Novice: 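Structure provided below as C-alpha cells; questions to follow.
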Amino acid sequence: MKLRKNELIVLMIVLISIGVSIYFYPKMPKKMASHWNYRGEVDGYMSKFWALFLPPFVLFILWLLYIFIPKLDPLKNNIENFRKYFDRFIVYLFVFFLIVQFFMVLWQVGIFINPNFLFSF
C-alpha cells in the first residue's frame with residue numbers, strides 16, 4: 001500500500017506523539033492535569049499512562065480512519081472533489097492534537113501557559 005504525502009505527514013505526527021509519550025513517561029507525576037476550566041484553572045486529572053498515551057492512541061485510530069474511510073466511500077468522487085481541503089483539515093486536526101499533548105506535558109514540567117491564551121478561538 002503506497003501512502004500519499006499527507007498520509008505520511010499525519011503518520012509522522014502520530015509517531016512524534018508516541019515519541020513524546022515514551023520520552024516523558026518516566027518524568028511525569030502519577031496524576032497529570034488533563035482538563036482546565038474556562039478560567040484556565042486545572043479541574044481534571046488523569047493517570048500519567050492515560051494522559052500520555054491516550055492522545056497517540058486517538059491519533060492512530062484517526063489516522064487509520066483517514067486512510068480507510070475514503071476507500072469505503074461508495075461515491076468515491078465525493079472526497080476526491082474536495083481532497084485538497086480534506087487533507088488540509090486532517091493535517092490541522094492532527095497538529096492541534098499534538099499541540100494539546102505538548103501543552104499538557106509542558107504544564108507538568110512547570111511551564112504554565114494559560115490555556116485561554118493558547119486555545120482562544
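This is a predicted model, so every value here is computed, not measured.
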Novice: Do F82 and Y92 sit in one hydrophobic cluster, given that two such residues count as connected whenever their side-chain heavy atoms are within less than 4.5 Å of each other, even indirectly?
Specialist: no

Novice: Please report the interatomic distance CD1(I99) to CZ(F102), rounded to the nearest 0.5 Å.
Specialist: 9.0 Å

Novice: For N6 and Y66, what are the C-alpha separation, side-chain angles and deciding distance, and is it a side chain to side chain contact (heavy atoms under 4.5 Å, CB included)?
Specialist: CA-CA 10 Å; N6 283 339; Y66 170 57; 3.4 Å; yes

Novice: With a 4.5 Å limit on heavy-atom distance, are the side chains of M104 and W36 in contact?
Specialist: yes

Novice: Can you name the residues that form a salt bridge (Lys or Arg N to Asp or Glu O under 4.0 Å) with R83, not counting sequence neighbours?
Specialist: E80, D87

Novice: Name the atoms and distances for all side-chain donor-acceptor pairs under 3.5 Å in residues 52-62, with sequence neighbours left out.
Specialist:
none

Novice: Between M32 and Q108, what is the shortest heavy-atom contact and its length?
Specialist: CE-CG, 3.4 Å

Novice: Looking at every non-hydrogen atom in both residues, tell me the closest pair between M46 and S34 and how far apart they are.
Specialist: CG-OG, 3.1 Å

Novice: Taking a hydrophobic cluster as the set of Ile, Leu, Val, Met, Phe, Trp and Tyr residues connected by side-chain heavy atoms closer than 4.5 Å, whether directly or through intermediates, do Y85 and L65 fall within one such cluster?
Specialist: yes

Novice: Around atom NZ of K27, are there more than 12 heavy atoms from other residues, nucleotides or ligands closer than 6.0 Å?
Specialist: yes

Novice: Is any side-chain heavy atom of F97 closer than 4.5 Å to one of I13?
Specialist: no

Novice: How would you list, by chain and number, every residue that makes a side-chain hydrogen bond (donor to acceptor under 3.5 Å, both in side chains) with S21, sequence neighbours excluded?
Specialist: Q101

Novice: Using the rule that two of Ile, Leu, Val, Met, Phe, Trp, Tyr join whenever any of their side-chain heavy atoms come within less than 4.5 Å, decide whether V42 and I111 are in one cluster.
Specialist: yes

Novice: Find out whether L98 and I16 are in side-chain contact, i.e. whether some heavy atom of one side chain is under 4.5 Å from a heavy atom of the other.
Specialist: yes

